[in-house]
2 protein chains.
Amino acid sequence: MKPFARNTVKVSTPRKPAPATAEHAPLQLERFLPYRLSILSNTISQAIADDYQRRYDISVTEWRVMAVLARFEGLSAREVAERTAMDKVAVSRALARLVEAGRVSRVTHDDDKRRSVLGLTEAGWTMHDEVAPMARAREREVLAKLDAEERAWLNRILDKLQPIER
Amino acid sequence: MKPFARNTVKVSTPRKPAPATAEHAPLQLERFLPYRLSILSNTISQAIADDYQRRYDISVTEWRVMAVLARFEGLSAREVAERTAMDKVAVSRALARLVEAGRVSRVTHDDDKRRSVLGLTEAGWTMHDEVAPMARAREREVLAKLDAEERAWLNRILDKLQPIER
DNA sequence: TGCAAATGGTTTCATATGTAACTATAACGG
DNA sequence: CCGTTATAGTTACATATGAAACCATTTGCA
């Protein structure tokens, strides 16, 4: 494999597949499931996050923590970690910021002083009630690209690829 | 003390949805598309990356750059960025490591000295030829959870949600 | 021409994230 | 009981990542 492309021809806009394709069987990235999922996931998450990140100075991880606390009252940090699929360090940090910002309340558990008991504050609820509808609206926008049948299949497929635990 | 006389509510294992649910309409995270995609994407990417990261000391972004260079010879950094959907800083850094490691060759373009002309080296190809089949195998494992019909729908859905440009 | 604007790419800095170590408390086994 | 082990959570450190500033070169056009 000599780099004979040294000087000559059309180096300018090399759109052609590499010659070695046949022998090397390179990955077709844009057809590769993990890659596609990663792009799609980032695109969508970012679009939604843009909506609230600037406005409320909150990160995706913090928002997820809040979303979980909106549904389940009095969770411990570990339980939040479970439900958000984040690791406990990430949760700890998100909580630090959220408590600091006055959006989450934290007291220590009566019977187990290691645990904390978490919940949204007034301010937390207020923000939640503004962000949640935005997030849902964005989700609808994305799903609007699909028809009902496709949406059904998507759900089914996601369920199979990743069984929701609990 | 009397375990009975717990005056506070039962903070012990709060599995019940928060009482405020009705008025606040909290997000059901585990049914929320962006969240599910993010989890799924991370799970899968991580599983695959684990295969080669340790073994070759290479990151996902570096691998993606290599995969693109395996298919398209002589790309510039900017073109790599386009095709990997990474930003140019990330590409620049990945390339620095790859060139350093002797896996990618870089020369400056003859007609435009700003550009670089990139390609895999011998060592790069060797590694590529070991990693690519692994990645494909992993993808197959994931897709094996679906039947043929579901796989077809998945493809169709991904195409609609995220048209492949170019 | 010549000079402002655009482009390819790298560097810098601030922030995010993951791993491992650490602190405090609780549970367990003899 | 008492010492070991496990668990909840935080801190420290090292690495990754993104935005903006930056350098070099090329392009557009008066």
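Chain naming here is simple, since letters A, B, ... match the order of the sequence lines and numbering starts at 1 in each.
- Both B:A77 and A:T61 lie close to DNA chain C; mapped to their nearest nucleotides by heavy-atom distance, the more 5′-ward contact belongs to B:A77.
- For the pair A:Q53 CD and C:dA16 P, the computed distance is 9 Å after rounding to whole Å.
- Remark: C1' of C:dG8 and CZ of B:R83 are 18 Å apart, rounded to the nearest angstrom.
- A:K113 comes within 4.0 angstrom of the backbone, heavy atoms only, and of no base.
- Contact check, A:S76 against D:dA8: no side-chain N or O comes under 4.0 Å of OP1 or OP2.
- Nucleic acid contact class of A:S116 (heavy atoms, under 4.0 Å, all strands): sugar-phosphate only.
- With respect to B:R31 and A:D159, a salt bridge is recorded, a charged nitrogen being found less than 4.0 Å from a carboxylate O.
- The closest side-chain donor-acceptor pair between A:S59 and A:R93, if any, does not fall under 3.5 angstrom.
- Contacts of A:R106 with the nucleic acid, taken as non-hydrogen atoms under 4.0 Å apart, involve only primed sugar atoms and P, OP1 or OP2.
- Rounded to whole Å, atom C1' of C:dA16 lies 12 Å from atom CG of A:D87.
- In this structure, CG of B:D57 is placed 14 Å from C1' of D:dA14, rounded to the nearest angstrom.
- Following rounding to the nearest Å, A:R97 (CZ) and C:dT17 (P) show an atom-to-atom distance of 11 Å.
- The aromatic rings of A:Y52 and A:W63 lie tilted to each other, with the angle between the two planes from 30° to 60°.
- What separates CD of A:Q46 from P of D:dG18 is a distance of 9 Å, to the nearest Å.
- Mapping A:V91 and A:R114 onto DNA chain D by nearest heavy atom places A:R114 at the nucleotide closer to the 5' end.
- In the set D:dT11, C:dT11, D:dA8, the nucleotide with an atom closest to the side chain of A:S92 is D:dT11.
- Residue A:D112 places its side chain closer to C:dT25 than to any other of D:dT10, D:dG9, C:dT25.
- A:D50 has no carboxylate O lying under 4.0 Å from a charged side-chain N of A:R138, or vice versa, which leaves the two without a salt bridge.
- As a whole-Å value, the separation of A:R78 CZ from C:dT25 P is 19 Å.
- Comment: A:R136 does not engage A:E139 in a salt bridge, judged by the lack of any side-chain N to carboxylate O separation of less than 4.0 angstrom.
- As a whole-Å value, the separation of A:K88 NZ from D:dT10 P is 10 Å.
- B:R93 contributes a side-chain N or O that forms a donor-acceptor pair with the base of D:dG18 under 3.5 Å.
- Between A:V89 and A:E62, it is A:E62 whose nearest contact on DNA chain C lies nearer the 5' terminus.
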